[in-house]
There are 2 protein chains.
Amino acid sequence: MVEKSPQQRYGTRPTMKDVAARAGVGLKTVSRVVNGEPGVTPDTERRVRDAITALGFRRNDSARILRKGRTASIGLVLEDLADPFYAPLNRAVEEVARAHGALLINGSSAEDAERERELALAFCARRVDGLIVIPAGSDHRYLEPEIAAGVATVFVDRPAGLLDADVVLSDSFGGAREGVAHLVAHGHRRIGFLGDQPHIHTATERLRGYRAAMADAGLPVDDAWVSLGTTAPERVRREAERMLGGPRPVTALFAGNNRVTVTVVRVLATARRPVALVGFDDFELADLLSPGVTVVAQDAARLGRTAAERLFRRLDGVLEPPRRVELPTRLVVRGSGELPPAEG
Amino acid sequence: MVEKSPQQRYGTRPTMKDVAARAGVGLKTVSRVVNGEPGVTPDTERRVRDAITALGFRRNDSARILRKGRTASIGLVLEDLADPFYAPLNRAVEEVARAHGALLINGSSAEDAERERELALAFCARRVDGLIVIPAGSDHRYLEPEIAAGVATVFVDRPAGLLDADVVLSDSFGGAREGVAHLVAHGHRRIGFLGDQPHIHTATERLRGYRAAMADAGLPVDDAWVSLGTTAPERVRREAERMLGGPRPVTALFAGNNRVTVTVVRVLATARRPVALVGFDDFELADLLSPGVTVVAQDAARLGRTAAERLFRRLDGVLEPPRRVELPTRLVVRGSGELPPAEG
DNA sequence: TAGAGCCTGGACAACGTTGTCAACTCTGGG
DNA sequence: CCCAGAGTTGACAACGTTGTCCAGGCTCTA
């Protein structure tokens with residue numbers, strides 16, 4: 001079906017001009033057919049369509065975008081495309097975008113502020129209509145010119161730094177507080193907290209929730225029971241083993257996110273005595289482990305959907321001050337949080 | 001830092017022309033500064049940079065792409081952004097693209113041929129330099145004009161339909177054969193096969209591997225032991241329960257992919273007697289279940305990396321006939337496949 | 001001091017599309 | 001038979017960038 005005339009070099013695409021020439025019509029008529037605009041006789045349309053098929057023409061969206069100004073695409077900067085927590089968020093954003101006829105461009109910041117910036121600005125150079133960002137950095141003023149220029153921007157999972165913008169997050173503080181309270185309710189007094197790096201908003205919020213729950217119960221918190229840092233398995237393992245050893249070992253652990261929880265589960269699988277565990281974030285198969293892992297679940301897909309919907313409402317021209325939306329978490333009780341503290 | 005002159009309406013971006021006017025230089029000089037081209041005195045450069053900052057200018061990549069022809073971006077069509085099997089593949093492709101200075105655009109086909117087509121063609125309209133596709137449909141001739149026009153195209157995980165193109169896959173046949181042989185070696189004679197839909201290449205390949213292993217051992221295969229269809233939990237559960245019941249129940253199951261395996265694990269968790277299981281695809285925490293789930297592991301990240309590298313080699317101008325790369329699988333023994341057949 | 005050669009800067013066209021607007025054809029009524 | 005009006009069609013400019021090419025000013029040498 002696709003002809004290759006000698007003069008049409010490999011790698012050179014036919015344009016509307018070529019189609020017009022072949023169909024014996026004007027350039028604008030081709031444009032009309034391609035865009036389904038009215039005012040073309042069926043006969044002409046057929047001739048144009050034949051030429052399009054014969055030449056293998058496809059409209060060049062770059063030119064179209066340049067002319068029209070809108071790209072019908074949005075950008076999503078997240079931490080890691082492969083993280084099972086962000087994957088559903090990503091997919092949810094994609095679905096909302098699709099429903100609005102927009103394409104999604106995304107990228108992983110790898111928890112690196114500079115890389116987040118590069119990605120976000122690259123998306124802006126592509127003239128995305130809107131931007132959804134899961135912040136890695138703590139200063140987002142670099143986006144000010146973009147926002148001023150009309151790029152709708154919504155932050156998810158963590159608030160923007162030094163910038164007043166829409167944000168959608170989970171109730172990290174409340175969720176952690178509830179999770180830790182659950183451990184307290186089952187008799188635990190020495191509870192460890194293993195969280196993500198301290199510059200990450202959710203990490204400190206969850207730590208705050210932990211401290212609040214301990215304070216609520218009138219329990220002291222030993223510095224040795226708290227550890228923030230990377231979620232690298234080696235570090236988490238080392239810290240967990242430290243908290244579980246020594247003269248005053250913890251009898252329960254609260255894990256600050258899904259990555260940490262998984263590593264802690266592995267550590268506990270080889271522990272001498274049962275240790276209670278509650279983790280932030282739900283994960284697949286948590287119910288099939290023995291005991292099932294009690295978690296503070298947040299709905300990642302809903303986070304993504306909410307953020308994307310907010311973005312498109314902005315794109316539809318809704319003008320209102322930036323809003324902070326906080327979604328509730330849900331304690332899912334499965335057994336690991338109900339273990340009583342071993343005598344120590 | 002960003003000035004808003006009255007005539008600069010909200011939503012209107014400054015262009016190089018504006019920057020040039022403000023800096024009191026020519027248009028091309030701005031272009032030179034923005035692109036780091038030589039031939040600009042330090043003083044002029046500084047004036048231009050000041051103007052850029054003051055106006056909040058950002059180059060419009062659509063115009064740039066239109067002019068240059070290359071977009072420095074590639075498209076990835078996969079089945080589901082949120083599928084834990086494809087997520088690492090996605091990430092691996094992203095990393096390779098990043099290393100080559102390219103942006104990644106991706107989308108979920110949701111296992112729908114029409115949607116796959118829409119996405120792939122939308123990417124082509126955006127003039128991606130290359131395309132990586134995990135096929136959902138079985139006829140990819142619609143890509144012929146694009147390939148002829150120079151869009152490098154590599155298929156992953158499943159071969160293209162009716163099109164001669166590069167493809168990178170796992171050894172589904174060999175992997176399944178090895179997995180089923182493992183069950184046979186542990187004394188199983190009645191082994192069930194639960195796989196994905198029959199129009200999916202990997203599903204039938206794995207079934208073929210199952211039949212080969214059974215034939216190798218001289219074992220008959222009862223039609224009732226084989227079930228292909230959607231990976232929806234309800235269907236898998238129903239079929240698994242059917243195979244486990246009746247007068248001649250299976251004593252072991254081979255699960256055709258990660259989604260199926262997970263559902264089967266849930267079914268077996270409530271089974272009256274132990275049933276052996278081997279699954280295709282590794283998954284997180286498989287080792288922590290009891291018993292640990294023996295799997296035929298494939299390296300999704302390596303699939304993605306290999307495909308992306310092949311793509312960029314094509315983009316670098318390597319001309320050679322399309323190649324089929326088959327990556328080996330690895331049997332990971334964890335216990336669930338070693339259960340002996342219960343007396344029945 | 002004049003000429004050659006280099007360095008810097010800018011005018012202009014082109015990329016492929018769409019919006020504007022004017023011109024053309026055809027129909028039907030007066 | 002002519003004209004109004006509706007329905008088609010196409011010429012042209014513009015979107016913002018980059019490649020080409022030329023002009024002007026400078027330095028260096030003879």
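Computed from a predicted model, the values in this text were never measured in an experiment. Labels below follow one simple rule: chain letters A, B, ... track the order of the sequence lines, proteins then strands, and each chain is numbered from 1.
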When you match B:Ala63 and B:Gly39 each to their closest nucleotide on DNA chain C, which lands nearer the 5' end?
-> B:Gly39
Can you check the B:Phe57 CZ to D:dG16 C1' distance for me, whole Å?
-> 8 Å
Report the distance from atom CG of B:Asn60 to atom C1' of C:dC15, rounded to the nearest whole Å.
-> 13 Å
Qualifying residue for side-chain contact (heavy atoms from CB on, under 4.5 Å) with A:Thr71, from A:Leu103, A:Ile105, A:Asp61, A:Asp129 | A:Asp129
Look at A:Glu95 together with A:Arg91 and state whether they make a salt bridge at an N to O cut-off of under 4.0 Å.
-> yes
Kindly say if B:Arg13 contacts the phosphate of D:dG16, meaning a side-chain N or O under 4.0 Å from OP1 or OP2.
-> no
Quick note, A:Thr41 side chain, CB onward, closest among C:dA13, C:dT17, D:dT9 is D:dT9
Answer with base, sugar-phosphate or nothing: what part of the nucleic acid does A:Arg32 contact at a heavy-atom distance below 4.0 Å?
-> base
Carboxylate-amine/guanidinium proximity below 4.0 Å for B:Glu79 and B:Arg115 = no
Closest nucleotide among D:dT9, C:dT17, D:dT18 to the B:Asn35 side chain | D:dT18
In whole angstrom, what separates A:Arg64's CZ from C:dG19's C1'?
-> 12 Å
Nucleotide of D:dT18, C:dG19, C:dG16 approaching B:Met16 most closely (side-chain heavy atoms) | D:dT18
A:Thr15, nearest nucleotide to its side chain (from D:dT18, C:dG16, D:dT17) = C:dG16
So does B:Ser31 get a side-chain nitrogen or oxygen closer than 4.0 Å to the phosphate oxygens (OP1/OP2) of D:dT18?
-> yes
Could you tell me whether the phosphate oxygens of C:dA14, OP1 or OP2, come under 4.0 Å of any side-chain nitrogen or oxygen in B:Arg67?
-> no
Between D:dT17 and B:Lys17, is there an OP1 or OP2 to side-chain N/O distance shorter than 4.0 Å?
-> no
Considering only side-chain heavy atoms of A:Thr44, which listed nucleotide, C:dG10, C:dG9, D:dT9, is closest?
-> D:dT9
For D:dG10, does either OP1 or OP2 sit under 4.0 Å from a side-chain N or O belonging to A:Thr29?
-> yes
Could you tell me the separation between the CZ atom of B:Arg58 and the C1' atom of D:dT17, rounded to a whole number of Å?
-> 16 Å
Check every strand shown and say whether A:Val40 touches a base, only sugar-phosphate, or nothing at a heavy-atom separation below 4.0 Å.
-> sugar-phosphate
Would you call A:Asp18 and A:Arg22 a salt bridge, taking side-chain N to carboxylate O under 4.0 Å as the test?
-> no
Find the distance B:Leu66:CG to D:dG19:P and express it as a whole number of Å.
-> 13 Å
Is any NZ, NE, NH1 or NH2 atom of the basic residue among A:Glu320 and A:Arg310 found under 4.0 Å from an Asp or Glu carboxylate oxygen of the other?
-> yes
Closest approach of B:Asn106 to B:Phe123 (non-hydrogen atoms, all atoms of both residues) = C-CZ, 3.8 Å
Which whole-number value in Å describes the distance from B:Leu27 CG to C:dA13 P?
-> 14 Å
Sorted by position of nearest nucleotide on DNA chain D, 5' first, the leading residue of B:Lys28 and B:Ser62 is B:Ser62
C:dC15 C1' sits how many Å from A:Asp61 CG, rounded?
-> 15 Å
What's the CD1-C1' distance between A:Ile65 and C:dG16, to the nearest Å?
-> 12 Å
